[in-house]
Undergrad: 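Below you'll find the structure I mean.
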Amino acid sequence: MNERIQHISTGAKHTMDVLSIGTVAATILQWLPSIAAAVSIVWTLIRIYETATVQKLIARFTGTEREGVE
């Protein structure tokens, strides 16, 4: 999955992060339906999954090395 979103620019990812946080906040305040929260949660989980820290933990537990993880 990491390969699919690698081509997206950092600025675009940060913009989507801000929109994701705003969507969660708006859903908590009951301004948006639950589906918006679900989409936002999925995006946030993808972003967390692709962090170097999580990739290192996955590599440690699976015994494999991930490309691009220091």
Side-chain angles (χ1 to χ4, degrees):
M1 183 177 315
N2 194 15
E3 298 84 24
R4 292 182 184 174
I5 62 174
Q6 246 180 350
H7 69 278
I8 299 173
S9 71
T10 303
K13 287 181 184 179
H14 289 308
T15 301
M16 290 189 73
D17 290 341
V18 170
L19 289 173
S20 176
I21 292 168
T23 301
V24 170
T27 304
I28 289 171
L29 296 171
Q30 296 181 353
W31 295 343
L32 292 174
S34 297
I35 190 71
V39 171
S40 182
I41 289 168
V42 168
W43 172 255
T44 303
L45 291 174
I46 290 170
R47 293 288 284 155
I48 291 169
Y49 173 78
E50 72 174 2
T51 62
T53 303
V54 172
Q55 292 300 309
K56 286 179 188 177
L57 288 171
I58 291 170
R60 181 181 299 161
F61 287 117
T62 61
T64 61
E65 292 192 24
R66 302 258 179 188
E67 186 177 314
V69 177
E70 297 177 1

Undergrad: Decide side-chain contact (heavy atoms from CB on, under 4.5 Å) for R60 and Q55; before the verdict, give the C-alpha distance in whole Å, the side-chain angles of both, and the deciding distance to 0.1 Å.
TA: CA-CA 9 Å; R60 181 181 299 161; Q55 292 300 309; over 6 Å; no
Undergrad: Let me confirm one number: the CD1-CE distance from I46 to M16, rounded to the nearest 0.5 Å.
TA: 8.5 Å
Undergrad: Which heavy atom of T44 sits nearest to which heavy atom of S20, and what is that distance?
TA: OG1-OG, 2.9 Å
Undergrad: Can you give me the closest heavy-atom contact between Y49 and V54, atom names plus distance?
TA: O-CG1, 3.7 Å
Undergrad: As an exercise, state the distance from CG of L45 to CD of E50, rounded to the nearest 0.5 Å.
TA: 12.0 Å
Undergrad: For the hydrophobic clusters of this structure (ILVMFWY residues joined by side-chain heavy atoms under 4.5 Å, transitively), does one cluster hold both I48 and L57?
TA: no
Undergrad: State, to 0.1 Å, how close D17 and W43 come at their nearest heavy-atom pair, and which atoms those are.
TA: OD1-NE1, 2.9 Å
